[in-house]
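Any value given below was found using the heavy atoms of this structure, including those in side chains, with hydrogens, waters and symmetry copies removed.
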2 protein chains.
Amino acid sequence: MPLPTIEWIGDAGGHARIIEQTLLPRELKYLDLATIEEVWDAIKRLAIRGAPAIGVAAAFGIVLGLKTSRAADASRFDADVLRAADYLASSRPTAVNLFWALERMKRRAAAVRELPLSQAREALLDEARTILAEDRRICRALGEVGAPLVPEGGSVLTHCNAGGLATADYGTALAVLFRARELGRNFRVFVDETRPLLQGARLTAWELLQAGIPATLICDSAAGMVMRDRGVRAVFVGADRIACNGDTANKIGTYSVSVLAKAHGIPFYVVAPASTFDLSLADGSSIPIEERDPSEVTAGFGARTAPEGIDVFNPAFDVTPRAHIAAIVTEKGLIERPDAARIASVLGK
Amino acid sequence: MPLPTIEWIGDAGGHARIIEQTLLPRELKYLDLATIEEVWDAIKRLAIRGAPAIGVAAAFGIVLGLKTSRAADASRFDADVLRAADYLASSRPTAVNLFWALERMKRRAAAVRELPLSQAREALLDEARTILAEDRRICRALGEVGAPLVPEGGSVLTHCNAGGLATADYGTALAVLFRARELGRNFRVFVDETRPLLQGARLTAWELLQAGIPATLICDSAAGMVMRDRGVRAVFVGADRIACNGDTANKIGTYSVSVLAKAHGIPFYVVAPASTFDLSLADGSSIPIEERDPSEVTAGFGARTAPEGIDVFNPAFDVTPRAHIAAIVTEKGLIERPDAARIASVLGK
């Protein structure tokens with residue numbers, strides 16, 4: 001059982017508690033988030049990250065945002081909910097689970113707007129806790145659906161962290177690996193370190209070590225050589241947003257990995273809950289891509305490693321076209337050779 | 001005119017002086033190497049790196065190794081030369097220019113073995129200085145041969161550092177870009193930061209900034225997205241060893257870049273002097289690949305960024321198959337669609 005990445009402490013007057021992921025793996029520290037501003041900041045600076053976990057954090061953020069509400073009637077309550085949701089929506093643009101969770105909280109708020117404020121807040125906390133509980137069940141379902149794809153006796157490769165730290169339970173892409181391991185399958189995981197913020201080295205390597213799954217850390221650029229020379233037989237990654245047709249935004253570098261997998265005839269699997277699909281987008285070209293501070297590239301981890309004045313392009317995500325994806329693993333089933341029709345069919349279940 | 005990466009100070013009793021590249025770009029510091037052990041150490045820890053520059057350093061290393069020789073006859077002189085060469089050969093295994101320079105110094109030593117020791121040392125210093133002077137001319141010739149390949153108004157991408165800091169003059173791959181710029185061509189260079197040791201961020205970005213060539217630094221994993229979305233029209237890289245048939249060993253990640261270039265229909269050029277070819281190898285499968293310390297990956301630049309106990313695979317190089325290479329730029333001419341016959345034909349000139 002993984003450590004809880006995020007949980008709620010107390011009643012509707014309580015607070016959220018998260019693992020401060022920027023300190024991992026050197027230090028396992030919990031951080032209490034008692035205000036909506038603290039939630040916004042934690043999402044922005046990646047103290048909590050991973051599309052599903054961001055969704056849960058945003059839901060708790062709404063509850064915290066209403067702690068200071070003095071709304072005396074339904075319309076003022078609506079305004080306070082909307083302001084909280086808009087604020088949280090400005091934290092990170094790419095992962096759609098954030099917006100999905102906020103929409104869900106807004107719908108719940110609309111249903112309880114006539115209740116006394118304290119009861120409305122309790123109802124919203126219930127909803128946020130439900131999102132968290134559902135995410136746990138979804139992680140388990142993703143593991144069940146995906147585990148048969150893990151090759152016995154082979155190696156797989158993953159990029160970034162789509163593990164327990166990215167969700168409320170044991171992950172998306174890593175859930176598949178954890179479940180395969182529970183079922184007795186033997187395999188090795190090559191872990192892309194995932195520059196610039198090294199979620200692979202810091203988080204995925206740490207989770208796999210704790211789970212006793214053989215894992216080898218590599219620089220991102222070594223993925224091609226490893227695929228060719230080290231018997232990689234499948235790639236598993238998470239997702240931050242999936243368009244109608246299956247085009248998938250995920251951590252920068254995922255697209256390169258998908259091209260390399262295709263060139264080596266290795267199946268490339270995306271593992272994500274239904275909440276990661278953005279069916280309002282026809283394809284990946286309209287997914288907004290967050291660009292982050294150049295210092296992540298030029299001065300990571302304690303030392304300046306690039307000259308002053310150099311131009312930097314630091315996108316946090318890229319888009320992998322559906323044609324590179326062998327299948328998308330969802331809690332509702334496997335979507336092989338994803339396209340709009342097959343996605344609609346499985347998600348409609 | 002670039003700063004001298006390596007030079008010799010004084011007569012045969014003098015010493016080599018190099019730029020301490022591990023401190024760049026934060027500090028430009030020169031380091032005097034007065035013993036063969038200091039040369040070995042500087043090569044090993046990449047204070048001087050880049051295949052051509054390593055060759056020059058090794059040649060000076062032989063001269064330094066003989067400073068302490070007490071050889072009273074030709075056979076003892078032979079033994080001292082051989083010991084020095086074997087020692088230097090153990091510093092790094094992949095770049096063939098190192099072995100090429102040592103062989104050349106051994107041949108020169110064999111020709112002067114009957115001379116008094118002081119004269120023999122002078123002759124060897126002359127030979128090392130000749131290697132350095134030739135490398136300067138070769139860099140200029142590479143620039144001339146390759147410059148027409150740089151697209152006007154487009155972008156190019158490079159990996160690692162194949163610039164002035166890798167040679168005695170203005171580089172191999174970067175010589176092509178410097179020369180194109182001198183000829184008035186306008187273009188932008190995307191620079192892979194090149195984990196684990198960030199030669200792209202630390203060295204190539206610095207050289208391009210100094211030369212006034214527009215440059216944008218990216219994480220290695222962003223190369224695919226940049227090729228697809230940012231109009232990259234050519235890739236230029238250096239080489240550490242090229243087999244008979246054109247298979248090319250270069251910095252880890254070069255193979256991935258070559259796969260990405262192929263997938264995007266972008267020509268991939270290798271730029272290297274004739275001394276980088278190892279015609280004793282039929283293909284790239286027998287090029288020895290140096291593996292370096294895991295700490296380069298797990299604790300680079302001041303902070304531990306991976307959990308204790310994680311397995312690491314840290315190859316310093318990979319091999320790009322000839323089929324991915326549009327052309328090899330040499331000082332003797334362009335080798336398009338390289339194969340054994342075309343390589344032999346151009347190098348035989």
Side-chain angles (χ1 to χ4, degrees), chain A residues 24-26 159 190-196 198 201-202 205-206 208-210 214-226 228-230 251-260 262-264 294 296-298 300-315 318-319, chain B residues 24-26 159 190-196 198 201-202 205-206 208-210 214-226 228-230 251-260 262-264 294 296-298 300-315 318-319:
Chain A
L24 286 173
R26 277 171 297 156
H159 189 74
F190 284 99
V191 179
D192 278 0
E193 62 170 3
T194 317
R195 279 282 284 158
L198 300 178
R202 294 189 300 109
W206 186 72
L208 292 171
L209 265 182
Q210 293 203 323
T216 299
L217 180 64
I218 59 172
C219 290
D220 302 324
S221 70
M225 178 196 192
V226 163
R228 182 183 60 186
D229 300 342
R230 298 279 167 134
K251 179 57 53 198
I252 183 67
T254 303
Y255 170 65
S256 289
V257 172
S258 80
V259 173
L260 292 166
K262 185 162 186 268
H264 294 89
E296 292 182 352
V297 180
T298 58
F301 310 99
R304 175 101 201 164
T305 52
E308 298 287 342
I310 188 72
D311 179 53
V312 174
F313 178 49
N314 184 26
D318 57 26
V319 175
Chain B
L24 287 174
R26 280 171 295 155
H159 188 76
F190 284 100
V191 179
D192 278 0
E193 62 170 2
T194 317
R195 280 280 287 158
L198 300 178
R202 295 189 300 110
W206 186 71
L208 292 171
L209 265 183
Q210 292 205 321
T216 299
L217 180 64
I218 59 171
C219 290
D220 302 324
S221 70
M225 178 196 193
V226 163
R228 181 183 60 185
D229 300 341
R230 298 278 166 138
K251 180 57 53 196
I252 183 67
T254 303
Y255 170 64
S256 289
V257 172
S258 80
V259 173
L260 293 166
K262 186 161 186 272
H264 294 88
E296 292 182 353
V297 180
T298 58
F301 306 98
R304 174 101 200 163
T305 53
E308 299 286 343
I310 188 71
D311 179 52
V312 174
F313 177 49
N314 183 27
D318 57 26
V319 175

With A:Leu217, the side chain to side chain contact (heavy atoms under 4.5 Å, CB included) member among B:Thr298, B:Asp311, B:Asn314: B:Thr298
Taking every non-hydrogen pair under 4.5 Å, which of B:Lys262, B:Glu193, B:His159 racks up the most with chain A? B:Glu193
Could you check whether any side-chain heavy atom of A:Ser256 comes within less than 4.5 Å of a side-chain heavy atom of B:Leu260, counting everything from C-beta outward? yes
Would you say A:Ser221 and B:Thr194 make side-chain contact, with heavy atoms under 4.5 Å? no
Between A:Thr305, A:Ile252, A:Ile218, which shows the greatest number of heavy-atom pairs under 4.5 Å with chain B? A:Thr305
Measure B:Pro315 against the heavy atoms of chain A and call it side chain, backbone, both or neither at under 4.5 Å. side chain
Return the minimal non-hydrogen interatomic distance between A:Tyr255 and B:Met225, and the atom names on each side. CD2-N, 3.6 Å
Below 4.5 Å from any heavy atom of chain A, which atoms of B:Phe313 appear? Answer side chain, backbone, both or neither. both
With a 4.5 angstrom heavy-atom cut-off, is it the side chain or the backbone of B:Leu209 that approaches chain A, or both, or neither? side chain
Okay, B:Glu308 and chain A: the region with an atom under 4.5 Å from a heavy atom over there is backbone
Between chain A and each of B:Gly224, B:Gly309, B:Pro307, count heavy-atom pairs under 4.5 Å; write down the option with the most. B:Pro307
Who wins among B:Pro294, B:Pro214, B:Ala215 for the most heavy-atom pairs under 4.5 Å with chain A? B:Ala215
Most contacts with chain A, counted as non-hydrogen pairs under 4.5 angstrom, among B:Pro196, B:Gly253, B:Ala222: B:Gly253
Okay, B:Val257 and chain A: the region with an atom under 4.5 Å from a heavy atom over there is neither
Per-residue contact mode, B:Arg202 against chain A (heavy atom under 4.5 angstrom): both
Can you tell me how far the CZ atom of A:Arg195 sits from the CG atom of B:Asp192, to the nearest 0.5 Å? 12.0 Å
Could you tell me which of B:Thr216, B:Val312, B:Asp220 has the largest number of non-hydrogen atom pairs under 4.5 Å with chain A? B:Thr216
Picking from B:Ile310, B:Asp318, B:Val259, which has the most non-hydrogen pairs under 4.5 angstrom with chain A? B:Ile310
Against chain A, label B:Pro25 side chain, backbone, both or neither, depending on which of its atoms sit under 4.5 Å from a heavy atom there. side chain
Please classify the contact of A:Arg26 with chain B as side chain, backbone, both or neither, using a heavy-atom distance under 4.5 Å. side chain
